[in-house]
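Heads up: the structure comes next, in structure tokens.
Throughout, a chain's letter reflects where its sequence line sits, starting with A, and its residues are numbered from 1. FYI, side chains are in, hydrogens and waters are out, and symmetry mates aren't considered; it's all heavy atoms of this structure.
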Number of protein chains: 2
Amino acid sequence: MALRHAVLAALLDGEYSGYQLAKAFDAGVANFWHALPQQLYAELTKLEADGLIAGRQVIQETRPNKRLFHVTEEGLAELERFAAATAKPSFIRDDLLVKVQAVDRIEAAPVIEQLAARARTAAAKAGILEQLAARLRGGRDEADFLAHGTRLGPYLTCLRGLAFERETRDWCERSAEILRARYDGGRQP
Amino acid sequence: MALRHAVLAALLDGEYSGYQLAKAFDAGVANFWHALPQQLYAELTKLEADGLIAGRQVIQETRPNKRLFHVTEEGLAELERFAAATAKPSFIRDDLLVKVQAVDRIEAAPVIEQLAARARTAAAKAGILEQLAARLRGGRDEADFLAHGTRLGPYLTCLRGLAFERETRDWCERSAEILRARYDGGRQP
DNA sequence: GCTAGCATGTAATCGGTTACATGATTTT
DNA sequence: AAAATCATGTAACCGATTACATGCTAGC
């Protein structure tokens, strides 16, 4: 069970609708997990049926009605159990890496292009995460926040995402440059 | 189709049996993809049926017989097509991050322990990848290898893996320290 | 008038994980 | 004598992706 606990963790910071959660789990701002809207709606239904979250209907005049969810005590207990169990290792699985692995046996140009594109999206995500980190710190400097701030968790996962995106950007840029120097849009000899 | 192309890319460097591939795709040394033995045996069967790889039986006296596979021209063409198609973005999905996200609402001690454990495995993987990088360079210095070496692909994915593992180690160590300073094995106030 | 955003889902499929199964040889 | 290594699979299940579906409001 995977998404389940990610949703519980996301709901710790307040009430969210499926739609709001979907936005958070989508786009680069998903620091610690990723999921599509359909998955989230399904998972919210199951979590509510299991009593781990509870929802309340919010009637809106000008917008469709929505349901806002929060974690119940049972839900918190479930998170607690999950966090105490040993985590399974995580793996890299990335199409782009497969392409780079093969790059000197196939046409290099499209791979170089994709590396450049990935570098750009990683840089953009890094920018967003920098802003998120600043917002989470809320004016304090980092040392102060780490010593006295509430909710270190989201800040730490944000730092992780930030480091990851910067790393991705740097590696993509460097790799693209190296490959350009070797193959310059052409093919392997 | 995902694993398919990872297997093709892995087979570019020579002939491998399912068993040998499984070792490469398992353990930390899977620079660019991860898969379990069962998946690999199934995928090899399909790839052979589709004519993208070909295998030859090797009869062994003291060991069970095995089949060694290599990529066919059709297989290479398929990789080519795959590499030219735009890559889908990759996402972080890590149990440990979910736990850290929730850390100040639940018992911190087990999370800190798991961060420390993850730091250790990441450090170990980094060590293995450093050795792999040195082996791929084969005595030359990096600039020389990047300019004149064959098979840049595996080296670049290795560098990526190395940077990722170091990053993971550093983040885990730092986060564990920060959390220890705050909660020191105890619970959130 | 058209596009983007709010809000929520169902159904089919695919890819990955878990569990189970076998059997010989080499190393501890 | 026990454990690890070589070598190859089958079957059931679960989680994630893709495709499809609906309908109203705000802004360009």
query: Taking CD from B:Gln39 and P from C:dG15, how many angstroms apart are they, rounded to a whole number?
result: 11 Å

query: If you find the nucleotide of DNA chain C closest to A:Pro37 and the one closest to A:Arg63, which residue's nucleotide is nearer the 5' end?
result: A:Arg63

message: Over all strands shown, is B:Gln60 touching base, sugar-phosphate only, or nothing at heavy-atom distances under 4.0 angstrom?
response: sugar-phosphate

message: Can you work out whether A:Glu43 or B:Leu68 has the more 5'-proximal nearest nucleotide on DNA chain D?
response: B:Leu68

- prompt: Is A:Ser17 touching bases, backbone alone, or none of the nucleic acid, heavy atoms closer than 4.0 Å?
  reply: sugar-phosphate

- prompt: Could you give the NE2-to-P distance, from A:His5 to D:dA16, as a whole number of Å?
  reply: 12 Å

- prompt: Within the side chain of A:Lys99, is there an N or O that forms a donor-acceptor pair under 3.5 Å with the backbone of B:Ala85?
  reply: yes

- line: Result for 5'-nearest mapping on DNA chain D, choosing between B:Arg93 and B:Pro64, is B:Pro64

- prompt: Quick one: A:Tyr19 OH to C:dC6 C1', roughly how many Å, whole number?
  reply: 5 Å

task: Would you mind classifying the nucleic acid contact of B:Arg4 as base, sugar-phosphate or nothing, using non-hydrogen atoms under 4.0 angstrom?
output: nothing

- request: Please state how far atom CG in A:Leu40 lies from atom P in D:dT17, giving the value in whole angstrom units.
  value: 11 Å

query: Is it true that atom CD of B:Gln57 has more than 12 heavy atoms of other residues, nucleotides or ligands lying nearer than 6.0 Å?
result: yes

field: Salt-bridge present (B:Glu15, B:Arg56; N to O < 4.0 Å)
entry: yes

message: Distance check needed: D:dC24 P versus A:Asn65 CG, whole Å only.
response: 13 Å

message: Can you tell whether the side chains of A:Arg160 and B:Glu167 come within less than 4.0 Å, N to carboxylate O?
response: yes

- prompt: For D:dC24, does either OP1 or OP2 sit under 4.0 Å from a side-chain N or O belonging to A:Thr62?
  reply: no

- prompt: Is the distance from OP1 or OP2 of D:dA16 to the nearest side-chain N or O of B:Lys88 less than 4.0 Å?
  reply: no

field: A:Trp171 side-chain N/O to B:Leu156 backbone N/O, donor-acceptor pair under 3.5 Å
entry: yes

query: Within this structure, what is the CG-to-P distance between B:Leu36 and D:dG9, rounded to whole angstrom?
result: 16 Å

field: d(OH, B:Tyr41; P, D:dA7) in whole Å
entry: 8 Å

Rounded interatomic separation in angstrom, taking CG from B:Leu3 and P from C:dT17: 10 Å

message: What's B:Lys46 touching, base or sugar-phosphate or nothing? Going by heavy atoms closer than 4.0 Å.
response: nothing

